[in-house]
Number of protein chains: 2
Amino acid sequence: MAEDTTSEPMGNVTADDVAAAAGVSRWTVNRAFKKDASISAKSREKVMAAAKALGYVPDLRAASLASDRSNLVALLVDDFANPHKLVMMERLTRILRKHGWDTLLVNTLGRDDANDALLNASQRRVDAVILIGIQFDDEVLRTASHARRFKKLIIFARVSQNPNTISIAVDDVHAMLEIAEYVRTKGYQRPMFLAGPRTVSAHLPRKQTFLAYWKEHFGSEPETCEVEAYDPVLAARVMADTLKGRPRDALPDIIVCENDALAMGTIDVIRHDLGLRVPEDIAVTGFDDVPQIQGPNYNLTTYRQPLTAMAEYLVTVLESQKDEDLSRSFKGHIVPRTSA
Amino acid sequence: MAEDTTSEPMGNVTADDVAAAAGVSRWTVNRAFKKDASISAKSREKVMAAAKALGYVPDLRAASLASDRSNLVALLVDDFANPHKLVMMERLTRILRKHGWDTLLVNTLGRDDANDALLNASQRRVDAVILIGIQFDDEVLRTASHARRFKKLIIFARVSQNPNTISIAVDDVHAMLEIAEYVRTKGYQRPMFLAGPRTVSAHLPRKQTFLAYWKEHFGSEPETCEVEAYDPVLAARVMADTLKGRPRDALPDIIVCENDALAMGTIDVIRHDLGLRVPEDIAVTGFDDVPQIQGPNYNLTTYRQPLTAMAEYLVTVLESQKDEDLSRSFKGHIVPRTSA
DNA sequence: CCGAATCCTGCACGCGCGTGCAAGAATTAT
DNA sequence: ATAATTCTTGCACGCGCGTGCAGGATTCGG
């Protein structure tokens, strides 16, 4: 028989098997896999050798069941049209994994599906739910936190009024003031603000801050426009409808967009539908600094959130035992490019 | 006391609690939550009412532990720079969830991390591992499938020579023949092929098919170029280095890209570094039909994979008990736009 | 070399649910 | 009304590991 020398790991190898092979008890085997457990170097070595030979890895389901700690978080996303989501997912999963956390990705189909998605997460007994979608309005949040099925409910990259909810986000007011000031000092006169869907309390601060700033400095309220999703394609459609056919002097000289997704669609419309130039005819600003707008094509003036710091802080939140309010806001910085 | 009428679900509500409340045994409770279990409508109703009152949901960890079926898959991704990954993740998570499967998203940092990532998945005892990265070369796959820790190892949207591996992908040869024929009939003369990283057997068929087709029809081998990642930014850098400074007649008249990510960077270079027009001076084709290239800006001629059908088939693969080879290839279709 | 402090190791019990079977209840046929 | 079916329900046992403790092995000071 040309069998492998290593006995084949048919079926599940359990800690008991390893214990037998290593000549220790099962508990010693599990200790060998725990970070700072009290175990002698010799025992650990023996165990690890036996484990490798048998192809044993601890079963995290059983560990989680026994300890009531899963080291698993659910990431709820409902907004895949926004390229920024890809950046966030990459950053979050990378940093979470670095610290030993696994991520359950739940595609929340829409607002009506939010509860099902949360249910989904709770069935896996995740240690926390992280929301990076837009459709989670205050009502959904209230329902979710009321059910108390989650130890932690975290809103990432967005603020929320809801109690029982931890918000890790950039300071929208500070950020938008920086952008507004940039726009003003560059001498623009007729700005338009392009907002995303007005889900309750979502990114409302950005719009309000800009409008308030402008009114304070010029006494006039800028024109605004709204798109129902952070989707470049949809944004382009809306902007085409809004701007096409206007006489030159009825057009804004700068369009301040709530984020890059909207800005991309806007730039496309300015160039290809209106036949105008960016920024000479109409300038554009965004928010998020997604990779797509960093090239020579869009070259968008935008605002960068400190995503890595936010993700690292998220980990400390996950590991915190305290019951205090762990919400925190971060400051990013403007990234000037040629679009404005 | 202004307490809720519903007793508060402090701590974990277990099936026993529900059983007590509903006046049945624990097993009847669990049966009520099983799809087609033999249980009377009356009992189920009682159980469900009690469950809702107590806020009970079955614990999938325990269920998985007891049944050795987790209804969980791990999705390993290592290539977040490629916007197509966002599309795939959205489609896969949506369709998997529709059929009752949860998704563990594992960010595979690089080739050396592949084994750790797989380990990660195996600790959660997932029912299958789905690979949509590029760094999983044959060696990694062999190691993974040799360990036999996974019931199923699935390569999505890519072929693989490895046995013990299920590949669900588009037929690269057929696809590239379609593109090549399109290029030829449009009258292009000096094509260049832009390939991605040459991880073993990855998308090699596309390149080889195109080169073979061209040689067969014109007797000449087209120029080729290679980028180390499916990253528009990196592609732009490479193409700028390659094309800048060439006299007009030394430039290709069309650049056939292995996918859209490369094509986007290429178009940016043609326009902004070379100052030329697409498609008049140099045409471009892509692969994948990502949303970003559908607008008026890139308007890329590309190839669309039947992602939904592929994802649905993935589910049937997951649910299949058979041991036969479940690999299957799909045919997509070319999407002609203005870039070529 | 002895006693005390320190370090390791083994163990009973429980985490919440699935499996397969057997007994009980409800239904139908005779 | 009784027997034969079918439907419904309860249960012992196990899935693999964590917790806290107690006894044994080891080390150190004097």
Side-chain angles (χ1 to χ4, degrees), chain A residues 9-48 50-51 54-72 100 122-127 149 151, chain B residues 9-48 50-51 54-72 100 122-127 149 151:
Chain A
M10 288 303 260
N12 284 334
V13 184
T14 155
D16 283 305
D17 303 337
V18 179
V24 296
S25 74
R26 176 175 73 70
W27 292 271
T28 303
V29 172
N30 289 335
R31 272 199 199 90
F33 282 89
K34 260 197 108 177
K35 192 69 191 220
D36 21 43
S38 94
I39 185 177
S40 70
K42 196 167 35 174
S43 297
R44 173 166 269 153
E45 210 168 315
K46 268 196 303 183
V47 169
M48 288 317 214
L54 296 178
Y56 167 79
V57 278
D59 186 329
L60 257 40
R61 299 171 306 179
S64 156
L65 188 59
S67 71
D68 205 37
R69 189 163 190 281
S70 61
N71 266 46
L72 222 203
S122 81
Q123 303 219 134
R124 298 277 176 195
R125 300 296 192 265
V126 297
D127 286 337
R149 269 199 308 261
K151 305 177 194 159
Chain B
M10 289 302 258
N12 283 334
V13 184
T14 154
D16 283 303
D17 303 337
V18 179
V24 296
S25 73
R26 176 175 74 72
W27 293 270
T28 304
V29 172
N30 289 335
R31 265 197 271 274
F33 282 88
K34 260 197 107 175
K35 192 67 190 226
D36 22 42
S38 93
I39 184 176
S40 70
K42 197 168 31 171
S43 299
R44 172 167 270 154
E45 211 167 315
K46 267 196 303 182
V47 169
M48 288 317 212
L54 297 178
Y56 167 79
V57 279
D59 185 330
L60 256 41
R61 298 171 305 178
S64 156
L65 188 59
S67 71
D68 205 36
R69 189 164 190 280
S70 61
N71 267 46
L72 222 203
S122 81
Q123 302 218 133
R124 299 277 174 195
R125 301 296 192 265
V126 297
D127 286 337
R149 268 198 308 261
K151 304 176 193 158

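By convention in this document, chain letters (A, B, ...) are assigned in the order of the sequence lines, proteins followed by strands, and residues within each chain are numbered from 1.
If B/L65 and B/A41 are placed on DNA chain D by their nearest nucleotide, the residue sitting closer to the 5' end is B/A41.
Phosphate proximity of C/dC8 to A/T28: absent, as no side-chain N or O sits under 4.0 Å from OP1 or OP2.
Side-chain contact between A/L72 and B/R124 is present, with heavy atoms from C-beta onward closer than 4.5 Å.
A/N71 contributes a side-chain N or O that, together with a main-chain N or O of A/G100, makes up a donor-acceptor pair within less than 3.5 Å. Within the 3.5 Å criterion, the main-chain N or O of A/T14 finds no donor-acceptor partner in the side chain of A/N12.
Residues passing the side chain to side chain donor-acceptor pair (under 3.5 Å) test with A/D17, sequence neighbours excluded: none.
Following rounding to the nearest Å, A/D17 (CG) and D/dC15 (C1') show an atom-to-atom distance of 13 Å. Separating the NZ atom of A/K42 from the P atom of C/dC8 is a distance of 11 Å, rounded to the nearest angstrom.
Within the model, atoms NZ of A/K42 and CZ of A/R44 stand 14.5 Å from one another, a figure rounded to the nearest 0.5 Å. In this structure, the separation between CZ on A/R61 and CG on B/D59 is 11.5 Å, given to the nearest 0.5 Å.
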Between N or O atoms, less than 3.5 Å apart, protein on one side and nucleotides 17-20 of chain C on the other: list the pairs.
from, atom 1, to, atom 2, distance (Å)
C/dC17, OP1, B/Y56, OH, 2.5
C/dC17, OP1, B/D59, N, 3.3
C/dC17, OP2, B/T14, OG1, 3.4
C/dC17, OP2, B/A15, N, 2.9
C/dG18, O6, B/R26, NH2, 3.0
C/dT19, OP2, B/K34, NZ, 3.3
C/dT19, O4, B/W27, NE1, 3.1

